[in-house]
Amino acid sequence: MSLPASITDELLSRLTGLVASSGGDTHKLTEVYTGEVITALPQSSEADTDAAFAEARQAQAEWASWPVARRMKVFKKFHALLLEHNDTVVDLIQAESGKSRRMAFEETCDVPMVISHYLKRAPKLLKPVKRGGPVPVVTTSTEIRQPKGVVGIIAPWNFPFATGLSDAVPALMAGNGIVLKPDNKTALSPLYGVSLLYEAGLPRGLFQVVCGEGPVAGPPVIDRANFVMFTGSTATGRFIGERAGRNLIGSTLELGGKNPMIVMEDADLDEAIPGAIEGVFRNTGQVCMHIERIYVHERMFEDYARRFVEAARAIKLGAAYDFGPEMGSLISVDHKDRVASHVEDARARGATVLTGGRARPDLGPAFYEPTVLTGVTKDMLTGSCETFGPVVALHPYRTVSEAIALANDTDYGLNASVWGSDLRRATEVAMQLQAGNVNVNEGFAAAYASKGTPSGGVKQSGVGARHGDNGLLKYTDAQNLAVVKKQVMGVPPGQSYDKYARTTLKSLAIMRKTGIR
Ligand code: NAD
């Protein structure tokens, strides 16, 4: 197998040239399907990160002075370029992550969707809002949205293009600069996105990329940023939140999940089985919002398990740069070993493997079969920790309230799914689930693709959210600009404080009665 024709030496040298690095260490970035080296990715020292922030700050001062409409023009162009060069983006995502082409394609759609949403919303959100001052007519207060400055984005490997760029879009629109630290394994696709942003007219230097291993390259970003957007594991999120707190900067933490699905007794299995297959195995199960636990009413459990296993066995696995395979590789041999250790631990403690449970070295070094378990208990690794692979546990339940309690019996709260024909009943159940996203008759994509609604985790799955109005406003400081047209706010000359206090109380009563303030 060879790399797709679009990944030329010229492209690779252009992309690695965008990394803020003055030379020195490099990281061998490999093609997941073969384990062969694609390129030597430059690594950024602390001094490189310092220089990256300095350059981004300089460019940001100019960018923030542009009228919003002028900034939006860059994103209209960027949107068009993303569609035009879709094939190259998909090739790069596949080469560095090993995911199927179908999934790589779906990932590329996220960025234009986010751009399109905020192209509509940003001009409204960034407009100054007159709020009225404390004394009507003679005072005013205006809410002005100032950019934070330079936003640090720390992104994971599972959706490198989407998490590297989609979160940057509203931050840039709001007038910020960006310093992105992608995962070392998956830096090429976000770097390509950055090159297209420059082609679209972004001022030089505004979007910096620093590369390195997380514990080395991450902290210098947090220590220089005015806000941190982090997507990754709960363990790293805890470290980042703590460090951001110490630096007195805000952060959004999008973390892991152990997401449940409840199949109600009236669910249409012709829809619920393929829906669950997508919800579990998309992106080879490496999706923070994917389903790891399925609760099925006991009366239909056997039938459901039989049909679900049949469908899981039918999934077409493969390493190919075309839309043929339905499921691709895991990200690395290390991660495959971690997923396998969860399955082995479950097996050793008494769980049953209904299908899968083995690696597929015949397809590639990090392939693992779609795996369905029963008899999983909370003392097993996969019973309580995020497995983050193509592994799911089926559980029978007797009553809906039991299913809700089981679904909520986790430290995580990122996503949940309920399947049923009676939409009102399914929605009632959905509202009782402790999760930042809940999908009725869908695994996770419906909530994630709804860009107008905030999407984040509760409990140990995160702090804050992306998307929605606050997905842009969080990258701004609200400045309260108050103007006094006439000096009416103190004690008038010659008046006793006694009289002033009585007049003030009277006006408070009038304002309450009239509703003026
Ligand atoms: P990870 O936490 O190990 O790494 C994520 C990023 O943080 C990488 O860029 C890494 O280099 C960096 N990092 C690691 N240690 C760091 C440190 N000490 N300081 C600063 N940066 C550091 O996560 P991962 O294994 O790469 O990604 C998978 C995880 O991400 C899963 O838990 C998944 O659920 C989660 N995730 C969550 C969402 C969401 O939106 N909630 C989306 C995608 C992935």
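Any value given below was found using the heavy atoms of this structure, including those in side chains, with hydrogens, waters and symmetry copies removed. First listed ligand is number 1; within each ligand, the first listed atom is number 1.
Heavy atoms of E386 found under 4.0 angstrom from ligand 1 belong exclusively to the side chain. Using a 4.0 Å cut-off between heavy atoms, N184 makes no contact with ligand 1 at all.
Heavy-atom contacts from other residues, nucleotides or ligands closer than 6.0 Å to CG of N470 number more than 12.
A salt bridge does not link K258 to E386: none of the charged side-chain nitrogens sits closer than 4.0 Å to a carboxylate oxygen. Ion pairing of D110 with K451 is present here, as a side-chain N (NZ or NE/NH1/NH2) and a carboxylate O approach within less than 4.0 Å. Note on R349 versus D345: salt bridge recorded, some NZ/NE/NH1/NH2 to OD/OE distance being below 4.0 Å.
Judged by distance alone, the side chain of Q208 and the main-chain N or O of L180 form no donor-acceptor pair under 3.5 Å. Between the side chain of T476 and the backbone N or O of L473 there is at least one donor-acceptor pair closer than 3.5 Å.
Residue-ligand proximity, C288 to ligand 1, at heavy-atom distances under 4.0 Å covers atoms 33 (C), 34 (O), 36 (N), 37 (C), 38 (C), 39 (C), 40 (O), 41 (N), 42 (C), 43 (C), 44 (C). Each of the following atoms of ligand 1 lies closer than 4.0 Å to a heavy atom of L414: 41 (N). Against a heavy-atom cut-off of under 4.0 Å, D183 is close to the following atoms of ligand 1: 8 (C), 9 (O), 26 (O). With ligand atoms numbered from 1 in the order given, ligand 1 contributes 15 (N), 16 (C), 17 (C), 18 (N) to contacts under 4.0 Å with heavy atoms of P215. Each of the atoms 20 (C), 21 (N) of ligand 1 lies under 4.0 Å from some heavy atom of G218. Ligand-side atoms of ligand 1 in range of N158: 43 (C), 44 (C), range being under 4.0 angstrom from any heavy atom.
Nearest heavy atom pair, residue T284 against residue M327, reads CG2-CE, 3.6 Å. Of all heavy-atom pairs spanning D48 and S21, the tightest one is OD2-CA, 3.5 Å.
Taking atom 9 (O) of ligand 1 as the reference point, the nearest protein heavy-atom neighbour is A155 O, 2.6 Å. Regarding atom 28 (C) of ligand 1, its nearest protein heavy-atom neighbour is F388 CE2, 3.6 Å. Closest protein heavy atom to atom 1 (P) of ligand 1: S233 OG, 3.6 Å. For atom 12 (C) of ligand 1, the closest heavy atom belonging to the protein is I154 CG2, 3.7 Å. Summary of contacts: the protein heavy atom closest to atom 27 (O) of ligand 1 is P156 CB, 3.5 Å. Remark: minimum distance from atom 11 (O) of ligand 1 to any protein heavy atom is reached at K181 NZ, 3.0 Å. Of the protein's heavy atoms, W157 NE1, 3.4 Å lies nearest to atom 24 (P) of ligand 1. Scanning the protein for heavy atoms near atom 15 (N) of ligand 1, the closest one is T236 CG2, 3.4 Å.
The distance criterion of under 3.5 Å between nitrogen or oxygen atoms is met by R466 with respect to ligand 1. Distances between N or O atoms of I240 and those of ligand 1 include no value under 3.5 Å. Residue T163 has no nitrogen or oxygen atom sitting less than 3.5 Å from a nitrogen or oxygen atom of ligand 1, judged on distance alone.
How far OG1 of T163 is from CH2 of W157: 11.0 Å, rounded to the nearest 0.5 Å.
At a 4.0 Å cut-off, not a single heavy atom of G462 sits close enough to ligand 1 to count as contact. Residue contacts with ligand 1: Q286 is excluded, as none of its non-hydrogen atoms falls under 4.0 Å.
Under the 6.0 Å distance and 45° angle rule, K99 does not count as a cation-pi partner of F105. Both tests do not hold together for R101 against Y321: distance to the six-membered ring centre under 6.0 Å, angle to the ring axis within 45°.
Using a 4.0 Å threshold on non-hydrogen atoms, atom 4 (O) of ligand 1 does not count as touching the protein.
Ring geometry for Y192 against H85 counts as perpendicular: the plane angle is over 60°, on a 0 to 90° scale with 30° as the lower cut.
Sorted by first then second residue, the ring-ring contact (aromatic ring centres under 6.0 Å, His included) pairs that include residues 207-253, not counting sequence neighbours, are F227-Y475.
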